[in-house]
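Comments concern the structure below.
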Amino acid sequence: MPLDAYRVGEEYVVCFDLPSVDPEAIDIDVERNVLTVKAERRPRREGEDVKWELSERPLGVFSRQVMLSDTLDPEGITADYDAGVLTLRIPVAEKAKPRKIAISHSGSRKEIKA
């Protein structure tokens with residue numbers, strides 16, 4: 001299953017092509033920073049009188065795994081399915097975001113006596 005991945009602001013977006021897959025037949029899991037997307041394309045039910053002449057679209061179970069870096073927050077993943085594309089949004093972890101470090105100043109000098 002082909003995918004695109006890119007960063008937008010404070011999140012990564014991963015889009016999987018899953019045309020003609022029922023959203024109920026898609027399973028998304030994360031275990032130890034490995035994201036697994038599993039989908040099943042099932043045969044269409046057209047009735048008893050249908051005789052297939054040609055069938056080129058693959059049927060069955062497909063899966064794809066993506067390693068997530070430690071800089072991402074797997075707890076915050078959201079998923080959306082529209083027009084045959086599964087879109088996952090993965091937020092950047094707080095610990096990976098740039099931050100300013102405050103500098104403290106004691107304000108007093110220490111004198112060393114000899």
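Residue Tyr12 holds its OH atom at 5.0 Å from CZ of Arg7, rounded to the nearest 0.5 Å. Here the straight-line distance linking atom CZ of Arg42 with atom OG of Ser20 works out to 12.0 Å at 0.5 Å rounding. Interatomic distance, CD of Glu24 versus CD of Glu40, reported as 12.5 Å (0.5 Å rounding). With rounding to the nearest 0.5 Å, the separation of CG in Asp29 from CG in Asp27 is 4.5 Å.
Inter-residue side-chain proximity for Val92 and Glu11 is flagged as unmet; no heavy-atom pair is nearer than 4.5 Å.
Judged purely by atom type and a 3.5 angstrom limit, Arg41 uses its side chain to pair as donor or acceptor with the backbone of Pro19.
Taking Asn33 as the reference, Asp70 meet the side chain to side chain donor-acceptor pair (under 3.5 Å) condition, with sequence neighbours excluded. For Arg64, there are no salt bridge (Lys or Arg N to Asp or Glu O under 4.0 Å) partners at least two apart in sequence or on another chain. Taking the side chain to side chain donor-acceptor pair (under 3.5 Å) definition, one finds that Ser55 meets it with nothing, sequence neighbours left out. The side chain to side chain donor-acceptor pair (under 3.5 Å) check on Glu31 picks up nothing, with sequence neighbours excluded. Annotation: side chain to side chain donor-acceptor pair (under 3.5 Å) contacts of Ser63 (sequence neighbours excluded): none.
Considering every non-hydrogen atom in both Gly76 and Pro91, the closest pair reads O-CD, 3.4 Å. For Leu35 against Ile77, the heavy-atom pair with the smallest separation is CD1-CD1, 4.3 Å. Residues Ile90 and Val14 come closest through the heavy atom pair CD1-CG2, 4.2 Å.
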Worked verdict on Lys38 versus Val61 for side chain to side chain contact (heavy atoms under 4.5 Å, CB included): CA-CA 7 Å; Lys38 184 177 171 183; Val61 177; 3.6 Å; yes
Given the rule in the side chain to side chain contact (heavy atoms under 4.5 Å, CB included) test, do Val66 and Leu3 qualify, once you have shown the distances and angles that lead to the verdict? CA-CA 10 Å; Val66 177; Leu3 67 84; 4.0 Å; yes
Side-chain polar contacts of residues 78-88 - donor-acceptor pairs under 3.5 angstrom, sequence neighbours left out - could you list them?
from	atom 1	to	atom 2	distance (Å)
Tyr81	OH	Leu18	O	2.7
Tyr81	OH	Val21	O	2.7

